[in-house]
Amino acid sequence: MALKLADYKTTVHNDWCPGCGDFGILNAIQMALSEMQTPLHRATIFSGIGCSGKTPHFIHTYGIHTLHGRVLPFAQGAKICNPDLEVLAVGGDGDGLGIGAGHFISSGRRNVDMVYIIFNNAVYGLTKGQAAPTLKLGMKTKSLTQPNMNNSVNPIALALVAGFTFIGRGYSYDVRHLKELIKKAIEHKGLAFLDVLQPCPTYNDINTKEWYQGLDNFNPENGKQMPRTYKLEETGYDGIVRQPYEASTKMGQAIERSNEWGSKIPLGIFYQNEHIPTYQDRIVGRIPNYLEIPPAKQDISDQNNKPTAKLDKLLDDLRADK
Amino acid sequence: MALKLADYKTTVHNDWCPGCGDFGILNAIQMALSEMQTPLHRATIFSGIGCSGKTPHFIHTYGIHTLHGRVLPFAQGAKICNPDLEVLAVGGDGDGLGIGAGHFISSGRRNVDMVYIIFNNAVYGLTKGQAAPTLKLGMKTKSLTQPNMNNSVNPIALALVAGFTFIGRGYSYDVRHLKELIKKAIEHKGLAFLDVLQPCPTYNDINTKEWYQGLDNFNPENGKQMPRTYKLEETGYDGIVRQPYEASTKMGQAIERSNEWGSKIPLGIFYQNEHIPTYQDRIVGRIPNYLEIPPAKQDISDQNNKPTAKLDKLLDDLRADK
Amino acid sequence: MTQSKISNSLTWVIGGAQGSGVDSAANIFSKACSQAGLYIFGKREYYSNIKGEHSYFTVRVSDKQIRSHVDDINLLVSFDAETLFRHGDKVTKGGGIIYDQDLVNTTIQEVPTIDDQALKKITNMLKKANKSLTVQGMLDYAKDNGTILYNVPYFQLLREFSEKINDHSLSKLTRTVNVMALSASMAVLDFDTTVLTRAIKHIFRAKPKIAELNIAAANYSYNYVKSRFNSTEFRFKLTKVQTSSDIILMQGNQSSAMGKISAGCRFQTYYPITPASDDSEFLESNQIIESTPDGKKDSIVVVQTEDEIAAITMAIGGALTGVRSATATSGPGFSLMTEALGWAGINEVPVVVSLYQRAGPSTGLPTRHEQGDLMFAINCGHGEFPKIVFASGDIEESFYDTIKVFNFAEKYQLPVIHMLDKAIANSIMTCRVFDQYKINIDRGRLLENIIPAGDTGVAGNYLRFKFDENPISSRVRLGTENGIFWNTGDEHTEEGHITEDPDNRIKMMNKRMSKLDLASKEIPAEDKAIAYGHNDPSSGMTIVSWGSTKGAILDAIDQLTVEGKNVKFVQVRLMHPFPSSLVEKMLENTKVLVDIEMNYTGQLGLLIKQNLNRNINYKIVKYNGRSMSSSEIYNALMYIISGNAPRRIVLEHGA
Amino acid sequence: MTQSKISNSLTWVIGGAQGSGVDSAANIFSKACSQAGLYIFGKREYYSNIKGEHSYFTVRVSDKQIRSHVDDINLLVSFDAETLFRHGDKVTKGGGIIYDQDLVNTTIQEVPTIDDQALKKITNMLKKANKSLTVQGMLDYAKDNGTILYNVPYFQLLREFSEKINDHSLSKLTRTVNVMALSASMAVLDFDTTVLTRAIKHIFRAKPKIAELNIAAANYSYNYVKSRFNSTEFRFKLTKVQTSSDIILMQGNQSSAMGKISAGCRFQTYYPITPASDDSEFLESNQIIESTPDGKKDSIVVVQTEDEIAAITMAIGGALTGVRSATATSGPGFSLMTEALGWAGINEVPVVVSLYQRAGPSTGLPTRHEQGDLMFAINCGHGEFPKIVFASGDIEESFYDTIKVFNFAEKYQLPVIHMLDKAIANSIMTCRVFDQYKINIDRGRLLENIIPAGDTGVAGNYLRFKFDENPISSRVRLGTENGIFWNTGDEHTEEGHITEDPDNRIKMMNKRMSKLDLASKEIPAEDKAIAYGHNDPSSGMTIVSWGSTKGAILDAIDQLTVEGKNVKFVQVRLMHPFPSSLVEKMLENTKVLVDIEMNYTGQLGLLIKQNLNRNINYKIVKYNGRSMSSSEIYNALMYIISGNAPRRIVLEHGA
Ligand SMILES: Cc1ncc(C[n+]2csc(CCOP(=O)(O)OP(=O)(O)O)c2C)c(N)n1
Ligand SMILES: Cc1ncc(C[n+]2csc(CCOP(=O)(O)OP(=O)(O)O)c2C)c(N)n1
Ligand code: SF4
Ligand code: SF4
Ligand SMILES: [Mg+2]
Ligand SMILES: [Mg+2]
């Protein structure tokens with residue numbers, strides 16, 4: 001029996017602020033899973049701490065709401081032990097690029113086959129609107145008493161340099177497009193990253209829905225109001241590395257596009273490279289039968305509760321008479 | 001009286017392995033300071049933990065050997081409180097790009113006016129040769145029982161994306177060139193990063209002195225043996241952003257060069273941009289007299305040990321009769 | 001039936017959705033009371049949520065000093081349904097409820113923010129009382145309790161008011177509903193409107209337009225209620241009394257920060273976390289510091305870091321330049337700081353951590369109260385190093401203590417963990433104006449100059465960790481001429497260089513750890529522990545506690561005294577090194593020792609056993625995330641006095 | 001003067017620069033002894049340095065089981081000057097020193113790795129004895145002590161040997177100098193060369209060529225010494241005895257790792273740190289696991305993470321899939337893990353942390369020993385959550401205990417901190433071969449399947465934190481059909497969703513914390529504490545201790561018993577929850593309680609006071625970074641027995 005969208009929803013009361021961009025991302029995740037008919041029990045959503053961190057509670061799959069900044073190592077641990085799980089990690093920009101930036105870099109180096117989605121609202125939502133790492137230098141949202149002191153970090157470029165092998169950007173109010181991105185990220189073999197632009201109407205009065213829609217953004221040529229976001233795929237941009245040798249060029253163009261901001265903000269797939277072995281592949285290089293019997297599928301004791309592991313060889317080597 | 005090179009040396013026994021690349025870096029730092037005639041007491045060398053972390057003990061300036069991975073926040077704290085100090089932070093690649101990667105990113109966002117030098121030997125020296133974040137995927141140094149499982153991180157590109165405003169690379173056996181780089185890094189207004197290629201003869205038998213010298217590296221054109229490293233400045237490369245609008249192009253070319261590795265490894269200044277306000281400048285935006293009386297120069301109590309701060313205004317506002 | 005009036009003594013509660021103005025209404029009320037010369041104690045309860053979940057503010061008012069809340073509500077002020085469902089049953093006989101007439105048909109199921117557990121509890125209660133599961137049902141329930149109901153048709157009033165002031169942006173006006181509810185309560189209490197007006201002006205002093213609008217709305221609502229209801233019927237009443245100019249109305253999330261400014265703290269790092277961020281944000285908003293001599297402007301640099309590890313290490317870096325440096329955090333952040341505290345310990349760096357406790361473990365109940373971090377703070381960090389752990393008991397103490405902890409940090413050259421908590425941070429009270437000159441600044445052995453070798457005076461070849469100055473060596477700022485030293489997390493020589501020599505190790509450990517003995521000797525008794533009251537020789541009952549339970553305990557034992565039962569109370573303040581002999585002395589003549597703590601284990605109890613070899617006779621603990629009321633403590637103590645109490649009493653009050 | 005021969009009982013020490021083959025020489029010696037049927041206890045001391053600093057290896061040999069080292073050296077084996085300067089004076093009368101003739105003129109100032117403090121100490125000693133500050137001076141000093149000197153001209157031997165085997169790469173041959181020194185000692189001890197040969201082969205089994213070269217060099221040196229010196233003149237002698245096939249020679253940095261393989265640990269994360277990394281590296285080198293049924297190959301995935309926060313959180317992530325997961329670390333890394341341990345605590349996730357203690361605080365003495373993390377481990381993490389802290393006393397225990405701690409973690413669904421230390425990790429000893437089937441695997445309430453709703457059996461609507469299974473609910477792996485649950489660091493409902501309800505909070509706290517009561521009840525006595533021996537009723541002296549001091553204490557009390565003095569020893573193993581009543585019982589009849597610990601504070605002493613309300617009469621502590629010898633403990637106990645000892649005795653032995 002086909003799973004319906006409703007099957008992916010819980011009855012937990014959602015207490016995000018009215019109009020929060022998080023709702024769109026939540027819907028997109030649920031739609032993606034439902035369109036892919038991912039069995040409920042096969043998926044696990046991991047999250048960090050923040051408004052965004054509450055996401056798993058609203059999704060009817062396994063849901064692990066972890067610690068601030070640590071969602072990636074938690075999620076990787078589960079995926080490595082059981083590669084059959086569909087693992088999605090989600091969290092805020094403060095969570096992932098502030099306190100969690102170190103794990104972000106190191107996860108890129110591993111390329112574990114899973115998806116990581118950052119809810120990018122440029123503020124620390126749940127702690128009441130402090131500047132997040134994606135807020136531009138000198139910006140003063142209504143939640144700040146003084147302009148932001150720090151340069152912003154570019155999540156797309158950072159992911160690229162870290163080694164993520166699928167990098168895209170979505171917008172929380174373009175749920176359909178975002179849903180497609182999430183599906184592609186899930187299908188990707190390797191670590192996929194999605195930077196999702198997420199208005200926080202409560203604290204961020206700069207990067208609002210209206211701002212992204214471009215209500216104040218006029219085409220210099222024809223004077224027409226135009227949305228700030230545009231879709232890479234609609235411009236003929238192709239971020240997919242089809243041959244390994246293309247990687248460097250494609251990275252270059254992705255970086256270039258990632259620097260666009262202000263009146264033109266690209267959405268879509270910036271980069272995808274399936275020629276990099278996943279962490280799972282690399283483990284197979286050490287443990288040939290890893291994918292057949294990964295840690296989670298090993299019987300460690302027999303019916304008599306005796307260990308199945310045999311230490312004979314190891315111990316023999318140490319015997320006094322050896 | 002002019003300070004001599006010897007004045008910058010301590011009598012502490014140096015217990016690095018014979019032939020360690022760290023010696024060259026130490027010498028270069030001491031030479032740079034001495035050529036710049038930095039008063040001994042004005043400089044503070046901060047370090048992380050590792051073989052490289054022992055550096056400050058060999059330099060006769062203030063020396064703060066901190067915690068593994070935390071050298072940057074320690075150093076920034078001191079520099080922010082006393083902007084008159086000459087602050088150098090040094091540490092290993094594991095220290096700075098493994099456990100410390102999060103601080104690396106966030107420091108880039110701040111652009112505190114100081115220098116950070118990574119001793120890049122691609123291994124965790126002091127813990128006996130485990131793979132460091134700069135070791136390439138699949139490499140097996142003599143200290144490893146199995147090939148490295150992780151992709152390497154590109155320190156130059158990472159520094160660029162993080163927001164460092166001066167980025168260079170030196171080689172520990174080219175002490176003169178490295179010394180010049182360090183001097184330029186010190187002179188730079190903003191956060192300067194130097195990636196220093198540092199052979200670790202004890203554990204890394206891949207990126208050895210001989211390898212950098214190119215004993216096995218032959219020019220495909222003339223068959224002549226050629227060193228792997230070359231100097232950017234000798235190829236006419238110019239990484240300096242002279243006008244703000246050049247920044248993006250210069251970043252692009254820096255990224256491109258940073259991807260060179262193998263038979264051609266660039267040394268020198270990849271990027272320099274003094275158009276980004278330093279953290280000190282940004283504080284002045286909030287606290288106009290910060291540079292004249294920074295935290296370290298404020299008298300907090302008078303001769304009678306009474307606080308100089310006056311709370312009257314704050315308290316008045318709270319009075320019941322207000 | 002006429003009842004005697006109760007003047008200037010009541011508990012007033014306002015509730016509503018997060019973001020709907022509950023706090024500002026309560027602040028106006030509190031300010032008005034204090035302007036009227038009354039004493040208040042207020043506390044805020046809220047969810048870890050930005051908008052929509054239920055929050056409420058309790059303000060207890062009195063004409064004498066009070067320090068805690070009580071369980072009962074005398075006047076419940078509401079403008080939503082949830083507040084009624086959650087608190088309607090707690091209003092006392094003769095108390096009142098102000099509510100929105102339009103909501104009476106709202107069913108409990110229609111309120112999405114009432115979680116399953118609360119739903120079950122309230123439903124059961126209403127069902128048992130045969131009431132409908134609606135606001136009306138709850139109001140009926142309250143009426144049965146003897147509560148008086150005041151319905152205010154907010155929407156209608158707003159509409160009328162909008163016409164009156166000729167402003168038809170109802171959605172904007174709707175934002176004054178909190179103030180309307182508040183002023184309705186003022187009318188019921190027969191409170192002075194001029195004070196109300198002044199209070200509104202004060203709270204909105206940064207936004208005069210908004211102030212004006214709110215004053216108009218307040219008056220409109222006030223007059224409506226006055227005209228509709230006979231306020232003399234209500235038992236409780238607030239009247240203006242003599243105001244004193246040396247009383248302030250102080251919030252607990254600013255008192256320690258203010259202490260930092262006075263203490264000369266000039267560098268604070270932080271990573272946002274509830275309930276600690278307010279401390280840093282207050283400093284950030286007051287970064288320019290007026291100083292003597294007149295016209296001198298000092299400043300505090302506040303840095304928002306990437307995480308708590310950076311916060312503590314950056315603060316230590318700052319401290320090395322001789323700046324009084326601090327960071328403020330809560331449990332999760334503190335957990336991340338312990339490695340660096342060890343570094344500060346071994347390098348003898350003074351640094352202050354303001355630890356605003358909240359309910360743990362892990363994320364726990366991030367906006368709720370607990371005192372669960374005591375044993376962790378004392379034992380934090382691998383290895384052994386000296387640290388001072390100090391706990392303040394209330395808002396007033398937290399100001400003075402903040403100056404003291406900086407003195408301790410510098411005198412003994414070690415990290416100090418200053419324990420505060422959510423109950424202090426999210427409460428507000430009237431107290432005597434802070435005397436910022438009461439406590440001197442003592443920087444310990446901080447040298448501003450080193451006389452170079454050859455000259456007389458301080459050792460030419462400066463040794464940062466000189467043994468013969470045992471145990472406290474002179475400290476210099478980074479950048480001092482002739483003062484070069486080294487620091488390392490490794491065991492070190494007198495210069496600060498790494499050494500693994502076993503004998504040096506012993507000497508350095510002795511040097512560092514013996515600073516605690518010195519601190520134990522030198523720290524004045526009143527900073528170690530304070531004994532309040534005395535006990536009846538017959539019962540010999542003494543309470544021991546620490547931190548923010550102080551106010552509720554004092555209020556409870558006052559009540560007992562009134563009834564002729566005397567209980568002594570020992571408030572421990574210096575938690576580590578533990579003031580064993582002083583506390584021992586204070587416990588002389590104690591037959592029944594009662595430990596009162598906001599945690600599961602009874603952590604101070606463990607310390608007393610560890611340090612005094614003395615058993616706790618009764619534990620009164622609470623760990624439901626809600627601070628203790630004096631009523632609860634009073635009841636529990638009465639229970640113990642009755643002789644029938646179990647050895648461990650778990651308090652459960654609070655919504 | 002003829003002295004009686006001492007056969008098969010001696011302390012042998014070899015020293016040299018880090019990286020010069022000290023360890024392999026000691027390993028060969030140890031292996032040879034064990035192959036000869038003898039028992040050994042060996043320990044390694046080294047600097048936090050890669051090459052050049054002084055390291056040494058002590059091997060005590062006996063024909064009976066031994067468990068510790070003693071202070072005296074009977075045979076000192078050296079091939080550099082520093083070893084002589086540092087240890088020459090510790091060789092007993094009648095003991096011997098093997099040294100390089102070419103070094104006699106080396107002055108102490110010429111050895112750069114002798115740090116200032118050591119330099120001062122040695123210089124003073126030699127000066128006082130009127131000896132020159134050279135190797136010769138030290139040798140003279142030793143000679144005065146009655147030590148016999150064996151000079152071996154290594155360089156000359158190497159040259160001759162090189163000619164003999166016709167291999168002129170002297171620099172390569174120089175690397176056999178360690179084995180030459182070792183075999184010289186074998187000659188002096190009159191030890192069997194065939195055993196020596198076999199041992200060399202075994203140690204170099206991966207590199208047969210090198211083995212061969214070393215055997216040749218060994219024989220050359222052996223024969224030289226035999227021909228030059230009359231070995232019958234030396235008092236100490238080693239001879240082959242009956243070997244037993246059930247004795248193994250085990251290194252302490254592999255025993256717990258081996259236990260992990262047997263326990264079914266299939267996921268280990270780590271960040272490199274001394275002395276914990278060896279544990280992970282052993283697993284990494286043995287990642288493919290032979291299993292039953294025959295031919296089945298299981299495996300353990302070992303991940304080197306970016307830091308310790310990632311290590312613990314990744315391990316927890318793995319544990320959520322039902323895999324027995326662990327991480328191994330030392331103090332600085334452990335400090336970073338405490339926040340995540342609280343998360344595991346509140347979410348009831350079984351995970352094991354192998355905490356290899358080293359001397360703290362901060363970086364401390366990273367390659368030296370201490371037991372300084374006990375109180376930190378017990379109280380780690382903000383807030384209150386259940387955890388088990390378990391301490392192993394020696395290499396053998398550490399194997400079995402590792403299996404037990406995984407059982408505890410899964411039965412009680414909580415994090416377990418398994419305390420080990422540098423003394424265990426860097427020691428080697430002969431012990432009975434491990435019986436890997438002695439301890440069953442107990443996975444607790446881990447369900448592999450959930451029967452869906454409507455069917456009979458386990459609740460249809462699976463609740464991860466079901467109350468009525470109090471206190472331990474059934475656990476499923478992520479990915480189990482019908483088993484969907486949630487986890488959160490916030491306080492949660494039975495499903496695992498966030499809730500701030502105060503009553504639920506109390507129930508969940510009770511559920512979690514009461515698991516400790518259950519553990520206290522169920523964990524067998526022998527896993528809580530073990531009492532050894534008995535005390536003389538007259539003296540009533542009992543020692544209490546924990547962890548790796550065990551061996552030295554047992555050896556010391558054996559010695560006391562020989563002298564007719566009986567002392568009881570209580571080794572506490574379950575450190576938390578503390579086995580109060582069992583220890584209380586074990587301490588019955590104790591008049592003098594002596595706490596022995598490798599730390600400054602006497603941390604177990606604190607626990608005893610906290611849990612037993614009982615004072616410690618004497619503390620014997622040590623915190624110079626070097627493990628306790630049985631001689632030191634023996635002496636300290638004798639001191640106490642004498643009645644003149646202070647209440648706190650600080651041991652100071654060790655180089
Ligand atoms: C270690 C730690 N430090 C601080 C916090 C407090 N905290 C909770 S949410 C949050 C930031 C949330 O911002 P972000 O990650 O951007 O998520 P958002 O709320 O914007 O979705 C912080 C700092 C915490 N929970 N843990
Ligand atoms: C928190 C913490 N974890 C682990 C260690 C152990 N440790 C000491 S040095 C080191 C790595 C050193 O590698 P790197 O930073 O590359 O410096 P190098 O020795 O190569 O110069 C580690 C992991 C530590 N000191 N602290
Ligand atoms: S604070 Fe911002 S991010 Fe958080 S729920 Fe509200 S709108 Fe969304
Ligand atoms: S281990 Fe490597 S990095 Fe460390 S001192 Fe030796 S050669 Fe240098
Ligand atoms: Mg955010
Ligand atoms: Mg390195």
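Here is the naming used below: chain letters follow the sequence lines, and residue numbers restart at 1 for every chain.
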Undergrad: Name the region of Ile288(C), side chain, backbone, both or neither, that has any atom closer than 4.5 Å to a heavy atom of chain B.
TA: side chain

Undergrad: Using non-hydrogen atoms only, which part of Val476(C) is less than 4.5 Å away from chain B: side chain, backbone, both, or neither?
TA: side chain

Undergrad: Leu478(C) versus chain B, heavy atoms under 4.5 Å apart: side chain, backbone, both or neither?
TA: both

Undergrad: Could you tell me which of Leu38(C), Ile403(C), Val303(C), Leu320(C) has the largest number of non-hydrogen atom pairs under 4.5 Å with chain B?
TA: Val303(C)

Undergrad: What part of Thr269(C) gets within 4.5 angstrom of chain B, counting heavy atoms only: side chain, backbone, both, or neither?
TA: neither

Undergrad: Which atoms of Ala263(C) are under 4.5 Å from chain B, going by heavy atoms: the side chain, the backbone, both sets, or neither?
TA: backbone

Undergrad: Quick one: do Lys297(C) and Glu292(B) make a salt bridge, cutoff under 4.0 Å?
TA: no

Undergrad: Any chance the rings of Phe193(B) and Phe104(B) have centres within less than 6.0 Å?
TA: yes

Undergrad: Is Arg205(C) salt-bridged to Asp317(B), going by a charged N under 4.0 Å from an acidic O?
TA: yes

Undergrad: Please determine, among Ile80(B), Asp312(B), Ile283(B), the option with the most heavy-atom pairs under 4.5 Å with chain C.
TA: Ile80(B)

Undergrad: Tyr279(B) side chain to Ser107(B) main-chain N or O, any donor-acceptor pair under 3.5 Å?
TA: no

Undergrad: Could you tell me which of Thr313(C), Ile289(C), Thr488(C) has the largest number of non-hydrogen atom pairs under 4.5 Å with chain B?
TA: Thr313(C)

Undergrad: Treating Trp16(B) as the side-chain partner and Phe23(B) as the backbone partner, does any N or O pair qualify as donor plus acceptor under 3.5 Å?
TA: no

Undergrad: Which bit of Ala296(B) comes within less than 4.5 Å of chain C, counting heavy atoms only: side chain, backbone, both or neither?
TA: both

Undergrad: When you check the gap from the basic side-chain N to the acidic O, do Arg475(C) and Glu410(C) get nearer than 4.0 Å?
TA: yes

Undergrad: Let me know if Leu85(B) has heavy atoms under 4.5 Å from chain C in its side chain, its backbone, both or neither.
TA: side chain

Undergrad: Would you find a donor on one side and an acceptor on the other, under 3.5 Å apart, between the side chain of Arg282(B) and the backbone of Arg110(B)?
TA: yes

Undergrad: Which one, Arg42(B), Gln76(B), Arg286(B), leads in non-hydrogen pairs under 4.5 Å with chain C?
TA: Arg286(B)

Undergrad: Salt bridge (Lys or Arg N to Asp or Glu O under 4.0 Å) between Asp316(B) and Lys313(B): does it pass, once the steps are laid out?
TA: CA-CA 5 Å; Asp316(B) 273 355; Lys313(B) 271 197 193 151; over 6 Å; no

Undergrad: Looking at chain B, which one of Asn440(C), Asn347(C), Asp246(C) has the largest number of heavy-atom pairs inside 4.5 Å, strictly under?
TA: Asn440(C)

Undergrad: What part of Thr430(C) lies closer than 4.5 angstrom to a heavy atom of chain B: side chain, backbone, both or neither?
TA: neither

Undergrad: Go through the atoms of His497(C) and report whether side chain, backbone, both or neither lie under 4.5 Å from a heavy atom of chain B.
TA: both

Undergrad: Are any side-chain N or O atoms of Glu481(C) and backbone N or O atoms of Pro39(B), one a donor and one an acceptor, separated by less than 3.5 Å?
TA: no

Undergrad: Can you say whether Ala315(C) sits under 4.5 Å from chain B via the side chain, the backbone, both, or neither, judging by heavy atoms?
TA: neither

Undergrad: Name the member of Ile439(C), Ile261(C), Ile309(C) that forms the most heavy-atom pairs with chain B at distances under 4.5 Å.
TA: Ile309(C)

Undergrad: Contact part of Ile300(C) toward chain B, heavy-atom cut-off under 4.5 Å: side chain, backbone, both or neither?
TA: backbone

Undergrad: So what's closer than 4.5 Å to chain B heavy atoms on Tyr39(C): side chain, backbone, both or neither?
TA: neither

Undergrad: Is it the backbone or the side chain of Asn304(B) that comes under 4.5 Å from a heavy atom of chain C, or both, or neither?
TA: backbone

Undergrad: Please check this pair: side chain of Gln65(C) against backbone of Cys431(C), looking for a donor-acceptor N/O pair closer than 3.5 Å.
TA: no

Undergrad: Look at the side chain of Gln130(B) and the backbone N and O of Thr127(B), then say whether any donor-acceptor pair between them is shorter than 3.5 Å.
TA: yes

Undergrad: Flag the one option from Gly322(C), Gly264(C), Ser245(C), Ser291(C) with the top tally of heavy-atom pairs under 4.5 Å to chain B.
TA: Ser291(C)

Undergrad: Between Asp442(C) and chain B, which part of the residue has a heavy atom less than 4.5 Å away: side chain, backbone, both or neither?
TA: neither

Undergrad: Can you say whether Ile247(C) sits under 4.5 Å from chain B via the side chain, the backbone, both, or neither, judging by heavy atoms?
TA: both

Undergrad: Under 6.0 Å between ring centres, would you say that holds for Phe74(B) and Phe46(B)?
TA: no

Undergrad: Does one side chain, of Asp281(B) or Thr278(B), offer a donor that lies under 3.5 Å from an acceptor on the other?
TA: yes

Undergrad: Heavy-atom cut-off 4.5 Å, strictly under: side chain, backbone, both or neither for Ile498(C) against chain B?
TA: both

Undergrad: With a 4.5 angstrom heavy-atom cut-off, is it the side chain or the backbone of Lys54(B) that approaches chain C, or both, or neither?
TA: side chain

Undergrad: Side chains of Ser299(C) and Gln298(B): is there a donor and an acceptor less than 3.5 Å apart?
TA: yes

Undergrad: For the side-chain contact (heavy atoms from CB on, under 4.5 Å) test, which of Ile287(B), Asp299(B), Asn289(B), Thr308(B) pairs with Asp298(C)?
TA: Thr308(B)

Undergrad: Under a 4.5 Å cutoff for heavy-atom pairs, which residue among Met258(C), Glu284(C), Met250(C) has the most contacts with chain B?
TA: Met258(C)

Undergrad: In terms of side-chain heavy atoms, does Asp321(B) have a donor or acceptor partner in Thr243(C) at a distance below 3.5 Å?
TA: no

Undergrad: Would you mind telling me which of Asn82(B), Ile49(B), Thr66(B) has the largest number of heavy-atom pairs within less than 4.5 Å of chain C?
TA: Thr66(B)

Undergrad: Quick check on Thr10(B) against chain C: is it the side chain, the backbone, both or neither that has a heavy atom closer than 4.5 Å?
TA: side chain

Undergrad: So for Asn407(C), is it side chain, backbone, both, or neither that comes closer than 4.5 Å to the heavy atoms of chain B?
TA: neither

